[in-house]
Amino acid sequence: MKPHGASFFVRILLETAVKLKSWISKVYLRRMHMKVAVVEAAETVRHEIVTLLNSCIPAAVWGYATGEEFLLELSRIHMDMAIINTVLPDINGLSLGKKARALRPGIKIVYMSSQGRHALAAFEQEADDFLLMPFEHSRLALMLERVRDFNLRGGEGSTQVGIRKGGVPGIES
Amino acid sequence: MLKAVIVDDEEWILKEITDLVQESGFIRVAKAYSSPGAMLEELEQTKPDAAFIDIEMPGMDGITLAEKLLERQPFIRIVFITAYNQYAVKAFELNALDYILKPVNHQRFQKMLARIAASIPREGRVEGDLVISCFGQLEVLMGGKRVKWERSKAEELFAYLLMHHGYGVHKEVILEELWPDYDPRRAIPILQTSVCKLRNIFAPMGDMVELDYSSNRYSLTISNCHCDLFEVEAALESAPGSLEQIARLVGKGFLSQQGYLWAMAKEEELRNRLEQVLRARVQQASSGGNNASVLRELKALLTFQPYDEDANNQVLTCYARAGDRSGMAEHYKWLEEVLAQDYDMDPPPSTQRVFNKLSEELQ
């Protein structure tokens, strides 16, 4: 088998495209960022969700393995959203959500769980969403669309990026 | 005052919920039904803002009913009132506002009513203009404040419907254009959510912004706004005066910073139309022998197509005809710079020849 088959080039091409896309979004979207926490004990799952979120939204996403770590951080910085597994090693995820709300009243709380029966408790707590694990990409996209806030931002206009300076001579810009 | 419908197959529960809702003071019960079918049939008349639905019912279950309801009334708030707890995950998926267990606890019911009250867009109207820019980066200013879209699908949906301003676009078409990678069944709830978000965002503008849904088509109608896309389209329809400003807008690219694939066809269309209009004008001006206006139209053309070989050659010729040596040299220098900057290239041979020949002639 030839190492440089057509599929090899296709793969390289795809990889480059993906890299380019993430690079472009990083450059253009540096200015706006939402802060999101993922609280999940299983490292692979946590990592997967953080990566997925990073590819979907212009956000700064952090992962936490325990409720304690997350609460400590939350007491120091403002966060817009927390995605919390209802089952955590050190604390019940549902009561962690409650504590987070007490600390930062505006924070969006989304629970994820492999236990569907926790959804009822999520409703009682007025959680913003509940994801039954494992969930599809489209379900995550739905959640993100739902919890996003569209507050009006003050200040006029913005700076246009990527537009060449200096027009055709004789025409003032 | 919100309008609500209630569906439950048990008469006495229906009565109890009706009373509780009526007592709220801000929700009126349009009608209480003991069968889901009748409720769907009368949806056009009742047009409810909220629905209180039982789940296990004979004929049609409450989850299916909610799906059908959302399909036809995407803006409705759904509250499930049921004796079973196993549908809560599904209820979250349907974006139900709440899920209450039977027997109904009155305190819990009040808490739910407060959530409905909080979901009503605030009345306070935004004073001032609606300004929409679509060239380059999408930007929406309401009374001087910028809408913070955060790259949401609501933003893309807004831009898409704005592009089809005034026309109803079929749901299936929207799903295909905006969520090409998703199974349409999975994308529908995202579309519905985005629609609701848009309605809430523009609620303060009153009826200036209307987002309608009828016979499976969504349409956006905006009156009284400053929108650069409308300006460009109006100028292309009947273009009096100078098109420089329009050419500059088109040069930025339609929604070019957003990276929407569907916007490319529109950009192409705008460019082609503008090019046609400008070329016709160049033609007209040169047959009239008006050197200055030929030059003006050519420059407008170059603001969005800077490398057009033919136009650049003509510009040089126009300067030469007017005996403006420095103007010609300046233009050539500009072309060299632009090409070097964007493509690391020299001007095309024909332009070089024209420039050299004209420079000699002028000496």
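Side chains included, hydrogens not; waters and symmetry mates left out as well; all remaining heavy atoms used. Residue numbers start from 1 in every chain, and the chains themselves are labelled A, B, ... in the order their sequence lines are given, proteins ahead of strands.
In the displayed structure, B:Lys333 atom NZ is contacted under 6.0 Å by at most 12 heavy atoms of other residues, nucleotides or ligands. Atom CD of A:Glu43 has 12 or fewer heavy atoms from other residues, nucleotides or ligands within 6.0 Å.
In this structure, no portion of B:Ala187 lies under 4.5 Å from any heavy atom of chain A. The contact between B:Glu93 and chain A is made by backbone and side chain atoms together, counting heavy-atom distances below 4.5 Å. Only the side chain of B:Tyr182 comes within contact range of chain A, with at least one heavy atom under 4.5 Å from a heavy atom of that chain. Heavy-atom distances place both the backbone and the side chain of A:His137 under 4.5 Å from chain B. Heavy atoms of B:Leu335 lying under 4.5 Å from chain A are absent altogether. Using a 4.5 Å cut-off between heavy atoms, A:Val110 does not touch chain B at all.
Looking at B:Lys197, its side chain does come within 3.5 Å of a backbone N or O of A:Arg148 through a donor-acceptor pair. Using modelled atom types, one side-chain atom of B:Glu267 and one backbone atom of B:Phe254 make a donor-acceptor pair closer than 3.5 Å.
Within the structure, every pair that satisfies the salt bridge (Lys or Arg N to Asp or Glu O under 4.0 Å) test and touches residues 106-123 of chain A, not counting sequence neighbours, is listed here: A:Lys108-A:Asp149.
Residues B:Phe92 and A:Phe123 place their aromatic rings such that the two centres sit under 6.0 Å apart.
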Just distance, no hydrogens or angles: give the donor-acceptor pairs under 3.5 Å from side chains in residues 124-131 of chain A, sequence neighbours left out.
residue  : atom : partner  : partner atom : Å
A:Glu124 : OE1  : B:Arg108 : NE           : 2.8
A:Glu124 : OE2  : B:Arg108 : NE           : 3.2
A:Gln125 : OE1  : A:Tyr111 : OH           : 2.6
A:Gln125 : NE2  : A:Leu94  : O            : 2.7
A:Asp128 : OD2  : A:Arg101 : NH2          : 3.0
A:Asp128 : OD2  : A:Ile109 : N            : 2.9
A:Asp129 : OD1  : A:Arg139 : NH2          : 2.8
A:Asp129 : OD2  : A:Arg139 : NH1          : 3.2
A:Asp129 : OD2  : A:Arg139 : NH2          : 3.4
A:Asp129 : OD2  : A:Arg146 : NH1          : 3.4

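Options B:Leu295, B:Thr193, B:Val315 differ in how many heavy-atom pairs under 4.5 Å they form with chain A, and the most are formed by B:Thr193. In terms of heavy-atom pairs under 4.5 Å with chain A, the best-connected choice from B:Leu97, B:Asn95, B:Val89, B:Asp98 is B:Asn95. Top candidate by heavy-atom pairs under 4.5 Å with chain A, chosen from B:Met112, B:Gln86, B:Lys90, B:Arg115, is B:Arg115.
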